[in-house]
2 protein chains.
Amino acid sequence: MKRMERVAALINILTEHPTQVYTLQYFCDLFGAAKSSISEDIQAANNSIKISGFGFLETIAGAKGGVRFIPDISEENIKILQKEFCERLSEPSRMVGGNFLYTSDIFYDPSIVRRIALIFAKKFRKCEANYVATIETKGIPLAFMVSHYLNLPLVVVRRDAKISEGSTISINYFSGSNDRLQKMSMSKRAIEPNSKVLIIDDFMRGGGSIVGMSEMIKEFNGKVVGIGVAIASIEPEKKKVDDYTSVVFLGDISLENKNIVLKSNENIF
Amino acid sequence: MKRMERVAALINILTEHPTQVYTLQYFCDLFGAAKSSISEDIQAANNSIKISGFGFLETIAGAKGGVRFIPDISEENIKILQKEFCERLSEPSRMVGGNFLYTSDIFYDPSIVRRIALIFAKKFRKCEANYVATIETKGIPLAFMVSHYLNLPLVVVRRDAKISEGSTISINYFSGSNDRLQKMSMSKRAIEPNSKVLIIDDFMRGGGSIVGMSEMIKEFNGKVVGIGVAIASIEPEKKKVDDYTSVVFLGDISLENKNIVLKSNENIF
């Protein structure tokens with residue numbers, strides 16, 4: 001096997017499985033090569049990955065050591081994503097009345113979802129979460145891509161308890177967006193007690209459903225270690241949660257106001 | 001820039017954006033290299049990608065031509081995935097009563113979802129779909145990964161019409177699993193008229209919800225060009241749809257029957 005083929009195959013394996021640690025021995029066996037050669041290959045692979053701008057390799061020392069691919073997104077590409085995201089969100093045809101925007105096409109579009117997910121994967125890389133959690137429905141692809149990049153299981157909180165979820169814990173919470181009491185439920189099998197959870201969602205107005213999810217996680221003796229929302233509304237300025245990260249901010253979208261205002265968050269990191 | 005770095009960066013860019021066509025000129029500009037060099041790099045990249053087993057490069061001739069990464073999964077890896085999938089599904093603790101299994105952890109686990117998605121991406125590579133569609137909730141990550149691999153937008157059919165979906169079309173259908181009439185709705189903005197749609201879902205028993213989705217797609221003058229379900233139940237043998245592909249088959253799971261029977265589908269292709 002030629003050197004170049006080995007390096008490229010190594011890149012392919014690592015980038016297909018973000019954040020997952022592979023031992024040097026794994027590659028020695030796979031390629032029939034010595035550890036010293038594999039070490040050099042990893043160095044070459046890292047240089048190449050850095051050029052493409054999608055991440056970098058991290059080597060972990062010690063008995064459980066190895067190498068893994070950490071996905072990344074450059075500041076420049078974050079700005080490009082934010083600009084594109086704002087432009088798409090500000091299309092007037094998205095207004096559906098009642099202070100709501102049609103955003104499903106964007107949150108189900110792999111080309112934009114994977115870049116927003118990269119931002120959150122970068123932001124919450126070191127938060128040591130055991131799970132990524134979201135509430136159905138529109139944030140699921142985004143949360144799933146974050147869980148893919150961080151190599152974590154995803155948990156989806158449901159609006160209604162389903163029989164296929166087994167025993168569930170349900171809580172009621174107040175949603176400002178809908179101006180009413182809502183219910184959410186989560187399977188008792190969904191997370192281990194005392195887990196650390198990263199919450200990812202598509203949209204936050206007052207923060208009611210995020211507070212609801214935090215309450216839910218507390219029911220499992222879990223801890224919220226990060227909150228990422230793709231869009232946060234500018235109003236109300238005072239949210240029910242303080243420590244969250246949004247990619248963009250959305251202004252008033254009442255129908256009288258034909259102009260949808262969007263701003264990039266300049267302080268993600 | 002060294003040859004190896006160029007090849008590796010090329011692999012990285014192409015594999016991060018499955019099925020998306022890049023012109024040779026794009027790489028010439030990016031790397032400051034001649035077309036003849038880039039052509040050689042693509043050849044080398046293709047050899048390396050094939051070795052890692054995750055896909056291959058396809059070159060497209062003509063003015064709109066270029067190169068793209070086609071994700072793939074080997075027969076051997078399909079068998080490994082099927083075996084693992086069957087083993088996890090047959091854990092007795094999954095039985096939640098009423099002929100239902102708890103499967104959320106599996107369908108929200110990136111390591112298994114991406115491999116099932118690769119099988120469907122391979123199966124339906126040439127079906128010329130314009131959209132991947134699913135019905136909320138558990139199949140969303142799987143359908144989204146298929147849409148990522150095929151570079152297509154995803155459409156999610158909702159159980160209830162939501163205000164943020166704008167005008168919707170709703171239909172009623174009979175669900176055998178729940179033994180009752182159910183409703184599904186889809187935003188009028190979700191798909192263009194006369195589109196070809198690939199349906200992906202986590203589970204099929206009688207096929208009621210798949211028939212419902214097909215009816216829905218007909219309301220948009222669309223056409224179903226493929227149906228992929230991760231799990232199909234063995235009973236009832238006669239489904240409401242004929243032409244579907246499942247990864248595994250699931251036997252009777254009534255609580256009296258402590259043994260959950262699973263079989264790999266040997267005829268996916």
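Throughout, protein chains are lettered first and strands after them, A, B, ... in sequence-line order, and every chain is numbered starting at 1.
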Side chain to side chain, B:Arg6 and A:Ser48, heavy atoms closer than 4.5 Å: no
Does any backbone or side-chain atom of A:Ser104 lie under 4.5 Å from a heavy atom of chain B? Answer side chain, backbone, both or neither. side chain
Engaged part of B:Arg94 at the chain A interface, taking heavy atoms whose separation is under 4.5 Å: backbone
Let me know if B:Ala190 has heavy atoms under 4.5 Å from chain A in its side chain, its backbone, both or neither. both
A:Gly55, A:Ala8, A:Ala44: which one forms the most heavy-atom pairs within less than 4.5 Å of chain B? A:Ala8
Check each atom of B:Ile11 against the heavy atoms of chain A and say whether the ones under 4.5 Å are side chain, backbone, both or neither. side chain
Take atom CD in A:Glu192; do more than 12 heavy atoms of anything else shown fall under 6.0 Å from it? no
What part of A:Ser187 lies closer than 4.5 angstrom to a heavy atom of chain B: side chain, backbone, both or neither? side chain
We want to know whether B:Glu136 and A:Thr137 form a side-chain donor-acceptor pair, criterion being a heavy-atom distance below 3.5 angstrom. yes
Test side-chain contact (heavy atoms from CB on, under 4.5 Å) applied to A:Phe144 and B:Val113, B:Ile140, B:Asp109, the passing residue: B:Val113
B:Asp105, part contacting chain A, at a heavy-atom distance under 4.5 Å: neither
Please classify the contact of B:Phe100 with chain A as side chain, backbone, both or neither, using a heavy-atom distance under 4.5 Å. side chain
B:Ser164 portion near chain A, given a 4.5 angstrom heavy-atom threshold: both
Top residue by heavy-atom pair count (under 4.5 Å) with chain A, among B:Pro141, B:Gly166, B:Pro153? B:Pro141
Among B:Gln20, B:His148, B:His17, exactly one meets side-chain contact (heavy atoms from CB on, under 4.5 Å) together with A:Pro110. Which residue is that? B:His148
Could you grab the distance from atom CG of A:Asn12 to atom CZ of B:Phe69, nearest 0.5 Å is fine? 6.0 Å
Looking only at B:Val156, B:Ile13, B:Asn47, the option with the highest number of non-hydrogen pairs under 4.5 Å against chain A is B:Val156
Could you measure the distance from the CD1 atom of B:Ile163 to the CG atom of A:Leu101? Nearest 0.5 Å is fine. 11.5 Å
Are any of the side-chain heavy atoms of A:Met145 and B:Met145 separated by less than 4.5 Å? yes
Below 4.5 Å from any heavy atom of chain A, which atoms of B:Leu10 appear? Answer side chain, backbone, both or neither. neither
How about B:Thr15 and A:Glu16: does a side-chain donor come under 3.5 Å of a side-chain acceptor? no
Is A:Met4 close to B:Val7 at the side-chain level, that is, under 4.5 Å between some pair of heavy atoms? yes
Look at A:Lys50, A:Lys138, A:Arg158, A:Arg159 and state which one has the largest set of heavy-atom pairs under 4.5 Å with chain B. A:Arg158
